[in-house]
Amino acid sequence: MTSTDTHDETQDSGPSGYAAARLRLLTEEARSGPPRRAALARLTDDWLTGLFAAGAEQLRGASLIAVGGYGRGELSPRSDLDLLLLHDGSDPKAVAALADRLWYPVWDLGIALDHSVRTLAEARRTAGEDLKVQLGLLDARHIAGDLGLTAALRTAVLADWRNQAPKRLPELQELCAERAERQGELQYLLEPDLKEARGGLRDATALRAVAASWLADAPREGLADARRRLLDVRDALHLTTGRATDRLALQEQDQVAAALGLLDADTLLRQVYEAARGIAYAGDVTWREVGRVLRSRAVRPRRRAMIGGGKQNAERSPLAEGVVEQDGEAVLARAARPERDPVLPLRAAAAAAQAGLPLSLHAVRRLAATVRPLPTPWPAEAREQLVTLLGAGRPTVDVWEALEAEGLITRLLPDWERVRCRPQRNAVHIWTVDRHLIETAVRASALTRRVHRPDLLLVAALLHDIGKGWPGDHSVAGETIVRDMAARIGFDRADAGILATLVRHHLLLVETATRRDLDDPATVRAVADTVGTQGTLELLHALTEADALATGPAAWSAWRASLVADLVTRVSAVLAGDPLEEPEAAAPTAEQERLALEAVATGGPVLSLRARTEPPAGSTTGQADTPQPTGEPEPLGVELLIAVPDQAGVLPAVAGVLALHRLTVRTAELRTLELPEGVEGSVLLLDWRVAAEYGSLPQAARLRADLVRALDGTLDIAGRLAERDAAHPRRRGVVPPPARVTVAPAASRLATVIEVRAQDAPGLLFRIGQALEDVAVCLRSAHASTLGANAVDAFYVTTLEGAPLPGEEAVSVARKLEETLRA
């Protein structure tokens with residue numbers, strides 16, 4: 001459809017003609033992106049022009065103006081129409097009638113409308129009072145009516161904006177910061193708001209406003225393309241959902257990707273993240289420049305003249321060879337020659353990060369344009385500068401992003417390209433893969449005093465997930481990649497081997513500590529054999545902590561830290577030569593014996609609840625961005641001790657009662673207790689650690705009463721849990737993958753270890769316990785671990801005679817348990 005055809009149809013047919021033409025335009029497969037947005041704006045202009053002409057036949061001194069996104073000619077399928085009816089104030093009644101002739105047809109078509117009716121003076125006054133109004137008017141575009149009136153508005157608004165820029169730009173920066181705090185960073189969110197999140201379309205508009213002030217300008221390279229990409233995604237989102245939404249929800253990402261001709265949702269998110277990263281980085285550079293200009297203007301002219309007799313050259317302080325500080329940034333020295341100094345990018349980055357300074361845009365671009373590649377292997381200075389950069393802590397993030405924005409990181413580390421902007425569809429992770437790696441290095445920088453080789457710790461932190469860019473197990477792929485990368489970076493064969501081991505087994509300690517029986521000698525021996533040396537164990541311990549802290553709040557806690565520390569202590573003893581012995585039945589404590597005797601005497605369960613604490617996590621190791629330790633103990637949960645006469649169904653009964661009381665199980669151990677001589681009977685002791693999902697803990701008496709009922713069959717746990725779920729159904733979301741149950745080979749000589757990976761849900765442990773009862777196996781111990789929405793639990797089971805299950809029987813038990821959980 002040509003512009004002339006559109007104009008004729010909308011003029012002849014009115015709203016219905018416009019609606020039909022609009023529908024055809026939006027369903028044309030041949031036209032999308034900027035051409036479609038511009039065509040939709042022209043189509044709408046023509047329709048509104050006809051409405052204006054029909055309603056303003058006798059009216060002079062009025063004009064219809066598009067503002068905001070419509071003013072820029074960027075109409076997405078479900079965009080609002082932002083309109084201003086500007087008039088000279090000579091005939092208010094006629095203007096009001098015209099407004100009705102304009103607004104009602106828009107509403108009748110169901111199109112969202114943001115409208116105002118103002119005189120020139122009113123528009124300027126409102127803009128002066130409301131920053132958002134002023135930003136919209138910066139994109140004012142004439143549609144119909146008095147062109148001179150529109151031109152007067154544009155001239156006045158731009159003049160006001162430029163005159164008031166020193167006051168209004170800080171307001172705009174604060175507005176952007178507040179929005180980022182509310183909406184998060186677009187480049188990391190799994191369900192981002194394309195418009196409001198940091199690095200989104202509103203930030204791109206803000207950068208246009210800064211440029212219009214003439215006070216500072218944004219880096220232009222790539223900015224228009226980033227905006228276009230986000231707008232294209234929003235168009236596809238509008239057409240896919242049929243709604244005016246800017247939030248890219250998980251359930252709609254595959255359809256949006258298909259509409260854009262992309263491979264899958266991950267490819268879509270990666271493109272969104274890349275665009276957002278470009279806009280966010282341009283914003284950082286621009287706001288730094290705004291601050292520099294405003295600080296410079298704040299110096300009195302007379303003082304400037306006295307200091308320098310005119311224009312004052314900024315002071316330059318040396319930071320490193322070829323790198324100086326100027327105006328609060330790290331810049332290249334005048335004598336620097338990037339074309340002759342291939343180490344300069346790393347040296348400049350390390351110097352900037354160590355000084356807590358941003359690396360200037362001009363410096364990064366000059367380095368990207370002229371520097372020669374590093375030789376292979378890298379010279380020692382390059383490797384040392386990389387380690388220095390990684391060890392700078394929090395400032396490393398901004399400096400790394402500056403290098404990455406100009407492609408320098410992938411030139412230094414080509415394998416980085418596969419993890420750059422790669423999303424992680426896991427609720428535990430709060431960052432993309434590449435940002436998680438940098439965040440891990442930041443966390444590791446606070447732990448370097450704990451290890452003898454901080455350089456290996458920092459490089460392992462940077463590269464531990466590098467295999468996520470490849471198919472298969474990322475730890476296995478990463479081991480191969482890191483061995484090659486370490487050689488290229490200049491590490492010798494022994495150090496490269498240590499780095500490869502750290503990457504291959506970076507999950508070993510936390511997975512073993514939370515999913516295995518640490519009293520089983522096979523558990524400790526397996527870790528010792530894998531790690532090999534005390535030095536590697538020391539590095540792996542620090543890497544485990546840094547990795548977990550960088551993953552997100554759900555990945556690390558005082559409880560997990562205590563379990564890992566316990567495992568490390570045991571493994572260290574083995575590596576030091578201490579013999580491992582088969583565990584003997586632990587003598588009961590006084591409290592355990594008291595509970596056991598009471599259980600025998602009463603013939604029913606008895607229990608106690610006791611808070612467990614450890615010293616604060618920060619008392620022995622420093623952590624980046626964490627408060628100093630206060631000396632207060634940190635809670636590890638509540639220890640629940642239960643003694644009950646030996647009988648069937650104890651595990652599901654206890655797990656079910658805890659689920660009814662909304663208690664989360666962190667660890668669970670069961671064993672038969674040795675009773676004092678002369679006391680008849682057999683008592684099961686359950687030593688569990690629990691925590692309240694929310695609210696306070698229930699009273700021990702209530703737990704015991706419900707447990708008695710659960711054991712005698714009068715408490716219908718399954719029915720009660722079903723009723724609760726029906727009364728408070730969980731919101732529908734992405735369908736989780738099905739549960740998976742496996743037998744861990746050679747994990748223990750004392751029992752068969754069955755691992756369960758499933759979506760965490762109330763009553764999950766109850767269902768598992770019930771299924772284990774149904775297949776008639778004995779549970780020696782259980783180790784429950786929850787990572788975000790995922791439960792990863794390990795169960796040590798034996799035959800009724802106390803021996804590990806035969807191979808076929810173990811596989812059969814795992815298969816039946818999996819079928820139960822998938823039902």
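Few gaps surround CH2 on Trp107; more than 12 heavy atoms of other groups in view lie less than 6.0 Å from it. For Glu178, the CD atom counts as densely surrounded, since its 6.0 Å shell holds more than 12 non-hydrogen atoms of other residues, nucleotides or ligands.
If you check the side chains of Arg425 and Gln253, you find a donor sitting under 3.5 Å from an acceptor. A donor-acceptor pair shorter than 3.5 Å can be found between the side chains of Asp264 and Thr267. Judged purely by distance below 3.5 Å, without hydrogens or angles, the side chains of Ser116 and Arg118 pair a donor atom with an acceptor atom.
Closest non-hydrogen pair, Ser360 versus Glu329, comes out as CB-OE1, 3.3 Å. Nearest heavy-atom pair, Val210 versus Ser213, reported as atom, atom and distance to 0.1 Å: O-OG, 2.5 Å. Of all non-hydrogen atoms in Asp139 and Arg154, the two that sit nearest each other are C-NH1, 4.4 Å. Heavy atoms only, all atoms of each residue included: Leu408 and Ala368 are closest at CD2-CA, 3.9 Å. The shortest non-hydrogen separation linking His238 to Ser76 is ND1-CB, 3.7 Å. Of all heavy-atom pairs spanning Ala94 and Leu59, the tightest one is CB-CD1, 3.8 Å.
Here NE2 of His115 is found 12.5 Å from CG of Leu64. Values are rounded to the nearest 0.5 Å. Here the CD-CG distance, from Gln255 to Leu239, works out to 11.5 Å after rounding to the nearest 0.5 Å. Between atom NE2 of residue His362 and atom CG of residue Leu332 there is a gap of 7.0 Å, rounded to the nearest 0.5 Å. Here Glu325 contributes atom CD and Leu319 contributes atom CG; the two are 6.0 Å apart, rounded to the nearest 0.5 Å. Atom CG of Leu169 and atom CG of Leu175 lie 12.0 Å apart (nearest 0.5 Å). Remark: Leu81 CG to Trp47 CH2 distance equals 7.5 Å, nearest 0.5 Å.
Exactly one residue among Arg229, Arg228, Arg234 makes a salt bridge (charged side-chain N to carboxylate O under 4.0 Å, His left out) with Asp232. That residue is Arg228. Across Leu137, Leu158, Thr119, a single residue satisfies side chain to side chain contact (heavy atoms under 4.5 Å, CB included) together with Leu153, and that is Leu137.
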Worked check of side-chain contact (heavy atoms from CB on, under 4.5 Å) between Leu138 and Thr205
CA-CA 10 Å; Leu138 290 177; Thr205 301; over 6 Å; no

Determine, stepwise, if the pair Gln183 / Leu189 fulfils side-chain contact (heavy atoms from CB on, under 4.5 Å).
-> CA-CA 9 Å; Gln183 299 291 340; Leu189 297 170; 5.8 Å; no

query: When you look at Tyr70 and Thr44, which way does the side-chain contact (heavy atoms from CB on, under 4.5 Å) test go after all the steps?
result: CA-CA 10 Å; Tyr70 183 27; Thr44 306; 3.3 Å; yes

For a side-chain contact (heavy atoms from CB on, under 4.5 Å) check, start with the C-alpha distance between Gln134 and Asp160, then their side-chain angles and the critical distance, and finish with the verdict. CA-CA 9 Å; Gln134 190 163 41; Asp160 290 344; 4.2 Å; yes

query = Do Asp327 and Arg295 pass the salt bridge (charged side-chain N to carboxylate O under 4.0 Å, His left out) test, and can you show the C-alpha distance, the side-chain angles, and the key distance before you say yes or no?
reply = CA-CA 10 Å; Asp327 281 336; Arg295 286 192 302 272; over 6 Å; no

> Given the rule in the salt bridge (charged side-chain N to carboxylate O under 4.0 Å, His left out) test, do Glu439 and Arg394 qualify, once you have shown the distances and angles that lead to the verdict?
Replying inline: CA-CA 8 Å; Glu439 195 71 21; Arg394 187 57 55 192; 2.9 Å; yes

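No donor-acceptor pair under 3.5 Å is formed between the side chain of Ser296 and the backbone N or O of Arg292. Not one N or O on the side chain of Gln187 forms a donor-acceptor pair closer than 3.5 Å with the backbone of Ala276. In this structure a side-chain-to-backbone donor-acceptor pair under 3.5 Å is missing from Trp103 to Leu113. In this structure, Arg179 contributes its side chain and Glu196 its backbone to a donor-acceptor pair below 3.5 Å. Put simply, the side chain of Asn163 gets close to the backbone of Ala159: a donor and an acceptor are under 3.5 Å apart. Between the side chain of Asp80 and the main chain of Asp82, no donor-acceptor pair closer than 3.5 Å is present.
Between Arg277 and Asp434 there is a salt bridge, with a side-chain nitrogen of the basic residue lying less than 4.0 Å from a carboxylate oxygen of the acidic one. Glu404 and Arg420 are not joined by a salt bridge, as no carboxylate oxygen comes within less than 4.0 angstrom of a charged side-chain nitrogen. Ion pairing between Arg36 and Glu74 fails under the 4.0 Å rule for side-chain N and carboxylate O. Residues Arg198 and Asp284 are paired through a salt bridge, judged by an N-O separation under 4.0 Å between the basic side chain and the carboxylate.
Contact of the Leu248 side chain with the Leu269 side chain is registered, since non-hydrogen atoms from C-beta on lie closer than 4.5 Å. The closest side-chain heavy-atom distance from Arg270 to Asp266 is not below 4.5 Å. For the pair Leu98/Val117, no side-chain contact is recorded, criterion being any heavy-atom separation below 4.5 Å from C-beta on. By the 4.5 Å heavy-atom criterion applied to side chains, Val323 and Leu344 are counted as neighbours. Looking at heavy atoms from C-beta onward, Tyr273 lies in side-chain contact with Thr432 at the 4.5 angstrom threshold. By the 4.5 Å heavy-atom criterion applied to side chains, Leu83 and Leu102 are not counted as neighbours. Using a 4.5 Å heavy-atom cutoff, the side chains of Thr286 and Pro219 are in contact. Leu135 has its side chain within reach of Trp161: a pair of non-hydrogen atoms, C-beta onward, lies under 4.5 Å apart.
Below 30°, between 30° and 60°, or above 60°: for Tyr188 and Trp431 the angle between ring planes is above 60°, a perpendicular geometry.
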